[in-house]
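All residue numbers refer to positions in the sequence shown, counting from 1. When a ligand or atom number is given, it counts from 1 through the structure's own listing order.
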Amino acid sequence: MGLLTTLRKQKLKDREMRILMLGLDNAGKTSIVRALLHKDVREVTPTLGFAISSVPYESYTLNIWDVGGQLSLRPFWRNYYEKTDALIWVVDATALNRLSDCRAELDAVVSDDRLTGAGLLVLVNKIDAVVRTSIVATVRKALNIDKITNHTCNIIPCSAYSGENLELALSWTVDEVKQRLYMFG
Ligand code: G3D
């Protein structure tokens, strides 16, 4: 059994997954984490560095790394890539004028070798505040999601405020990681 396979099996045995949550500032990353922890989502303050939260899901512990998305913090994102099992990229559905900036940042992140293999879930957050028709298609196209070939991708609309689709987001993420780890088992 190769070292990589052994490490992957150990990871599954430990039942912990490392999830990196990134996106532009103000997308709603911290709010989503708070919603997952059943905390008041109206009480967020900007994440100046990073915060790690442990979210129980099924029999797993998801260690979610919420890293600040301000321009000045983005060069530090790469310091968090190592050992990431899944990347959750959060998009602000109310800030479509920032999609080109968002795409440039996402392109740089997904092409980094240290994230190779990690599943990619794009969450289109704040759908409680927009007209829903075609929002997912718009974001999918603007971010060129269909051109990302080195990650298994999915895109889901959600709302940290209402909690809509957050359960679905977790279940997709966990299933993707499980499938990949077992595939190499
Ligand atoms: P960030 O961690 O990505 O920087 P935050 O984003 O979680 O700090 O959220 C940024 C702002 O978006 C906050 O508003 C927050 O309340 C709001 N927000 C987060 N999620 C949602 C959502 O699902 N729906 C709506 N309508 N707003 C959301 P403020 O006013 O504090 O800047």
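With contacts defined as side-chain heavy-atom distances shorter than 4.5 Å, the pair His151/Leu115 qualifies. The closest side-chain heavy-atom distance from Ile148 to Leu106 is below 4.5 Å. Side-chain contact between Leu96 and Leu99: present, with at least one pair of heavy atoms (C-beta onward) separated by less than 4.5 Å. For the pair Leu143 and Cys102, the minimum side-chain heavy-atom distance is below 4.5 Å.
Paired with Leu36 under the rule side-chain contact (heavy atoms from CB on, under 4.5 Å), one option of Val55, Leu62, Val41 passes, and it is Val55.
Looking at Asp25 and Arg98, a side-chain N of the basic residue comes within less than 4.0 Å of a carboxylate O on the acidic one, giving a salt bridge.
For the pair Asp25 and ligand 1, the shortest N or O to N or O distance does not fall below 3.5 Å. Geometrically, ligand 1 and Ala160 share a nitrogen or oxygen pair separated by less than 3.5 Å. On a distance-only criterion, Asp66 and ligand 1 share no N/O pair closer than 3.5 Å.
Atoms of ligand 1 found under 4.0 Å from any heavy atom of Ser31, numbered from 1 in the order shown, are 5 (P), 7 (O), 9 (O), 15 (C), 19 (C), 20 (N). Residue-ligand proximity, Thr30 to ligand 1, at heavy-atom distances under 4.0 Å covers atoms 2 (O), 7 (O). Close contacts of ligand 1 with Ser159, meaning ligand atoms under 4.0 Å from a residue heavy atom, involve 23 (O).
Judged by the shortest distance from any of its heavy atoms, Gly69 lies outside the 4.0 Å radius around the atoms of ligand 1.
The aromatic rings of Trp65 and Phe50 lie parallel to each other, their planes meeting at an angle below 30°, with 60° marking the opposite boundary.
Put simply, Ile19 and Leu121 are part of the same group of oily side chains (I, L, V, M, F, W, Y) that touch within less than 4.5 Å, one to the next.
Among protein heavy atoms, atom 31 (O) of ligand 1 sits closest to Val44 CG2, 4.4 Å. Considering only non-hydrogen protein atoms, atom 6 (O) of ligand 1 sits nearest to Gly28 N, 3.0 Å. Among all protein heavy atoms, the one lying closest to atom 12 (O) of ligand 1 is Lys126 NZ, 2.9 Å. Annotation: atom 20 (N) of ligand 1 to nearest protein heavy atom, Asn125 ND2, 3.2 Å. At the shortest separation from atom 16 (O) of ligand 1 among protein heavy atoms lies Tyr161 OH, 2.5 Å.
Counting only non-hydrogen atoms, the option in Val90, Val91, Asp128 that gets closest to atom 24 (N) of ligand 1 is Asp128. The option from Asn26, Leu123, Val41 that lies nearest to atom 10 (C) of ligand 1, judged by heavy atoms, is Asn26.
Using a 4.0 Å cut-off between heavy atoms, Ile127 makes no contact with ligand 1 at all.
To the nearest 0.5 Å, atoms CG (Leu71) and CG (Asp101) are separated by 7.5 Å.
Within a 4.0 Å radius of atom 29 (P) of ligand 1, the protein contributes no non-hydrogen atoms.
Not counting sequence neighbours, Arg78 has no partner by the side-chain hydrogen bond (donor to acceptor under 3.5 Å, both in side chains) test.
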